[in-house]
**Q** 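Would you mind keeping the following structure in view while I ask a few things?
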Amino acid sequence: MKETIYLDNNATTRTAPEVLEAMMPYFCEKYGNPSSMHEFGGSVGKAVDAAREQVAAFFNAHPDEIIFTSCATESDNTAIRGAAEWYGREAKFITTAVEHPAVLQPGRRLKAEGRECTELPVDGKGRLDLDRLRAELKGTKNAIVSIMWANNETGTVFPVAEAAAIAKEAGATFHTDAVQAAGKLPLDMSKVPADMVSISGHKFHAPKGVGALYVRRGTKFKPFMLGGHQESGRRAGTQNVPFIIGLAKACELAMAGMEEENRRLAALRDRLERGILASCPDVRVNGDPENRLPNTLNVSFEYIEGEAITYRLSDCGICVSTGSACASGSLDPSHVIRAMGVPFTALHGSTRFSLSRYTTDEDIDYVLDKLPPVVHGLREMSPFGPDRAVGTFT
Ligand SMILES: *Cc1c(COP(=O)(O)O)cnc(C)c1O
């Protein structure tokens, strides 16, 4: 039996050994500065160029449309703040209620600075109503739209190509946080008319601390990081060469056999879902089963808290996550699950299982063996239940 069953891959992933191997020469041997004039640095510059071509291929885009960043949070901030600063005070910002904080928080800052901002609602399955987007765009000048490609908590996939087309038709700038889609869905920028797209290395087997922002040619934004001329003057700071090499390798690995791997993941995920539904009563699957990432399962165990499940599973060596974040002594349910209008009895029990290329059949067997007793045990202790009065816990 393995020591850790890691089903929290939407939080972060294991660095692939192939990625680490590709990175290694760039620490102690090829450590030149890619901007240097001498051959020692220049050869490193060529390696960064090759990495940029690889990441561009991942987007089916041009190498000059790729900016390397330190993480997706930086990519999101660059896209949203950068576009807003280009347009000045008039820019209207439109996003969704279920975005990652790396999009919601810059949006709220734009609002605090006096710009008009809207967070589009979702329905019970976490789906967007594109007519709401059309209505919000009506009569706008210089709108900036940011709609995630796939949701990190539920795996729900948004119709990003359609949303981008609607935004472009209205003359808006369109950004998408594709962190969870990267490596799981093809990001083909010849088919999706987005202007800017954020990805993060550590969500698909590169290390933490490297990301990229795709910027379509002609897109207007003001750089977020000011300083040197790196990244064609669009992101100052000496490039993190080893990690950029790693990001490119992760792109190459993800592109090879993506469809086949997705079929394998979806089969494992579906078996996990069926197993949970068969062994535990009062379970609700969150998200849109018709449009869901193949690796993600989010379920609510009614009447119990996701946090308790997470701790109990952790004792069995199983890593999952819950939408509840313990903040200042109170348990706040996930803003994503809350936005979907999930009933009170299930709001706090949301639990996310997210798989990766390293997840095996045995991992799923192990979880299906350990999880039901955990759920039954917690239900016995819970003051809530189908036949017990439902009070309020926040
Ligand atoms: C993890 C995540 C981020 C943040 O990525 P970092 O590289 O850790 O900054 C942004 N958006 C989504 C959807 C994510 O899942």
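Both ligands and their constituent atoms are indexed starting at 1 by order of listing.
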**Q** Return the residue, atom name and 0.1 Å-rounded distance of the protein heavy atom closest to atom 8 (O) of ligand 1.
**A**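 Protein heavy atom with the smallest distance to atom 8 (O) of ligand 1: H202 NE2, 2.9 Å.
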
**Q** Taking C-beta and beyond as the side chain, do L120 and T95 meet within less than 4.5 Å on heavy atoms?
**A** no

**Q** Geometry only, no angles: is A72 polar-contacting ligand 1 at N/O separations under 3.5 Å?
**A**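 Min N/O separation from ligand 1 is below 3.5 Å for A72.
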
**Q** Select the closest option to atom 11 (N) of ligand 1 among N152, D177, N77, N151, judged by heavy-atom distance.
**A**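 Nearest option to atom 11 (N) of ligand 1, by heavy atoms: D177.
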
**Q** Which atoms of ligand 1 sit under 4.0 Å from any heavy atom of C71?
**A**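 Counting atoms of ligand 1 from 1, those under 4.0 Å from C71 are 6 (P), 7 (O), 9 (O).
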
**Q** To check your reading of the model: name the closest protein heavy atom to atom 12 (C) of ligand 1, its residue, and the distance in Å.
**A** H100 CD2, 3.4 Å

**Q** Heavy-atom contacts under 4.0 Å between T73 and ligand 1: side chain, backbone, both, or neither?
**A**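 Near ligand 1, T73 shows its backbone as well as its side chain.
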
**Q** Could R14 and Y358 be counted as a cation-pi pair, given that NZ or CZ must be under 6.0 Å from the ring centre and within 45° of the axis?
**A** yes

**Q** Considering only the protein, which heavy-atom contact is closest to atom 7 (O) of ligand 1, and what is its distance?
**A** S200 OG, 2.6 Å

**Q** When clusters are formed from ILVMFWY side-chain contacts under 4.5 Å, directly or step by step, what else is grouped with L104?
**A** none

**Q** Whether R52 and D64 form a salt bridge (side-chain N of Lys/Arg under 4.0 Å from carboxylate O of Asp/Glu) is what I want to check.
**A**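 Judged by the 4.0 Å cut-off on N to carboxylate O distance, D64 and R52 do not form a salt bridge.
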
**Q** If Ile, Leu, Val, Met, Phe, Trp and Tyr residues are connected whenever their side-chain heavy atoms lie under 4.5 Å apart, and connections chain through other members, are L133 and I80 in the same group?
**A** no

**Q** For D49, which residues count as a salt bridge (charged side-chain N to carboxylate O under 4.0 Å, His left out) partner, sequence neighbours excluded?
**A**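 Counting only residues at least two positions away or on another chain, D49 forms no salt bridge (charged side-chain N to carboxylate O under 4.0 Å, His left out).
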
**Q** Which of the listed options, K208, E74, K203, holds the heavy atom that is closest to atom 14 (C) of ligand 1?
**A** K203

